[in-house]
Amino acid sequence: MKPPGDASARIERLRREIEDHNHSYYALDRPTISDAEYDRLFRELQALEQAHPDLASADSPTQRVGSAPLPEFASVTHEVPMLSLNNAFSEAEAEAFDRRAREGLASDEIEYNCEPKFDGLAISLTYAEGRFVRGATRGDGYTGEDVTANLRTVRGIPLRLRARHPPALIDVRGEMIMYHDDFDRLNARQRERGEKEFVNPRNAAAGSLRQLDPRVTAERPLRLFAYGVGELRGAELPPTQKDLLDLLAEFGLPVCGERAVTSGAVGLLEYYRTLLEKRAALPYDVDGVVYKVNRLADQQRLGFVSRAPRFAIAHKFPAEEAETEIVAIEVQVGRTGALTPVARLKPVFVGGVTVTNATLHNEDEVHRKDVRVGDTVIVRRAGDVIPEVLRVVAGKRKSDVPVYHLPRKCPACGSAVIRLPDEAIARCSGGLVCPAQRKQALWHFASRRALDIDGLGEKLIEQLVDADIVHGPAELYGLGLEELSGLDRMGEKSAQNLLAAIEKSKRTTLRRFIYALGIRNVGEATAKDLASHFGTLDALMAADETALQEVTDVGPIVAESIRKFFAEQHNVRAVQALRQAGVSWSETVTARPARGPFAGKSFVLTGTLSGMTREEATAQIEARGGKVSGSVSGKTDYVVAGADPGAKLAKAERLGLTILDEAALRKLLG
DNA sequence: GATCCTCGAGTTCT
DNA sequence: CTCGAGGATC
């Protein structure tokens, strides 16, 4: 047996050597030894550490195998918030970014550091005196989850910084991703083990990072790219973003090699086009590029608007397109009887998910694009979410495929399909005779923003209607355990929950009730106006078209819809039945006083708020006399931007409107 | 009559 | 989110 002093030195040597190999492999992308040799070193270290438990260290590479599972993740507050970037979707928007930066800095030409925008998960890595002490997810930018135990298992993350005099504290920002080939191997393994495969590298990385059992994470091939610094103590920042990245690389952190320093808008676009061409050949997913003003002092001068920096922007690549086939064109019947053609597609992987359906909107749209069954088409995810058929690939059509026409009889009830001369939409004339429309009407009635019956979903409604148990909303209130017992996936417990939810929905508000009725052209906003104008349902039902048109935003067409609805005896009976069943609200709706600090102010919300839901924010604003609207215009006073804001923020900026972040809104709310 | 501002309705996938 | 269309305004 060797003396312990010897073992201690050998252990330290092995640890350093193994971490050197990790560094070469993950940070420098230059493997230095074979896997077999690496394993040999690793096993030798494990054996030595087992023989000398007193020499154990949390920094040892052997500790990367993962500790025992956690009951839950602790939450972590980011000292320096992890903000999201604004997006540019076109070259013009990228040029506008450069123009704003030049104006802000009063400079003719600005130097930028350009980097790829990785499609992964942002994280924060805290090093105290050079030791990795904490890793956290981005969360909402202000608070994330403590995933230190998981990140310790990631071999590309150094447990110790490679610096003689590391800063007292540094919070490194980076992105966790998965390489394509690692992802393929992982999925092959999942398949062999009979476990669920991941749909894309991003989901695989997210799932791996949020494992409560770090031993599972240890088996997942996660990678890091470091790209920034949050908090820093005991050291000065270098002068530029490029120097900062160089410094992180020196510390042994993996920094992406596809970066460049360029000048002016021309330089930005050149970098963008170059990376776009390389995109397919890169071993990982990139969804755009990031431009940052290179000089950190200039970054500081430009500062922030709302939650996003003014010195950086993400220029997104165009939505990915893919080719697939139209297997069938089916027709859906909506609540108002609208017939919507939907393309059933041969499943195709595009924009990170498998797409099988795409709406074709209406018959004219089908003809404009001349889509026919069996055609080869190009699809993409519009706005990165909803699949869209872009066009037919010419020349791939099998001969003799007929032009598509909507059926002349409703596929659900056989009633005639009618298309009014001026309208784009064809409708089933069956009304509530049509089971499809009845189902949709019930679903609307029970939906969250109407009477909010939890647990009464599409599948359940389908069964209730098909089994002739429920024909209209009032009958929901006559349901008992017996009626529900025969249904699929409906045990005693779920049945009781559902009955409780139905019972609970009896207490509601007039505006929800009016909305729930599903009157044509009366949505949430109009229902609210009607409720506060008339105060009682009886007053609304008694109103003629002239009286109705006194309500804001009600013109001849909406007024006619309402009058026609209440002229139908079955609708009046349904309303009576609901009230008899016990559905009620406090009849006195006091018209909201247009007073309060926000009187006459119009707000628009976009993105996700962290401390409150949008509904809560809306209620708070309205309580102070403000109005919350859905779309941005010149008349909007404030736009409240949460995390991941949509196109509304861009429009607000273009119009030069006042933009608030969540903190500013809170302050205003007092 | 033109234009702008909103609202309503329909839709996908995890 | 997007499109289409109703309502208000000039």
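A, B, ... follow the sequence lines: proteins, then strands. Residue 1 opens every chain. No hydrogens, no waters, no symmetry mates; every other heavy atom, side chains included, goes into these values.
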Is any side-chain nitrogen or oxygen of [X] closer than 4.0 Å to OP1 or OP2 of [N]?
X        : N      : value
A:Gln332 : B:dG10 : no
A:Lys627 : B:dC7  : yes
A:Thr359 : B:dT12 : no

Original post:
Do A:Arg210's NZ or CZ and the ring of A:Phe73 fall within the cation-pi criteria of under 6.0 Å and 45°?
Top reply: no
**OP:** For A:Val554, answer base if it contacts any base atom (sugar-phosphate contacts may also be present), sugar-phosphate if it contacts only those atoms, and nothing otherwise; contact means non-hydrogen atoms under 4.0 Å.
**Re:**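 Answer is sugar-phosphate: A:Val554 comes under 4.0 Å of backbone atoms only.
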Subject >> Touch class at under 4.0 angstrom, heavy-atom based, for A:Thr340 against every strand present >> reply: sugar-phosphate
Subject >> Whether A:His405 and A:His367 hold their rings parallel, tilted or perpendicular, with breakpoints at 30° and 60° >> reply: perpendicular
[X] [atom1] to [N] [atom2], straight-line distance once rounded to whole Å:
X        : N      : atom1 : atom2 : value
A:Glu388 : C:dC3  : CD    : C1'   : 11 Å
A:Asn362 : B:dT11 : CG    : P     : 11 Å
A:Glu365 : C:dG4  : CD    : P     : 8 Å
A:Arg520 : B:dG8  : CZ    : P     : 14 Å
A:Asp364 : C:dA5  : CG    : P     : 10 Å
A:His444 : B:dT11 : NE2   : P     : 15 Å

**OP:** Looking only at side-chain atoms of A:Thr336, point me to the closest of B:dT12, B:dT6, B:dA9.
**Re:** B:dA9
Original post:
Can a salt bridge be assigned to the pair A:Arg368 and A:Glu365 using a cut-off of 4.0 Å between side-chain N and carboxylate O?
Top reply: yes
Subject >> Flag, side chain of A:Asp285 to backbone of A:Gly120, donor-acceptor distance under 3.5 Å >> reply: no
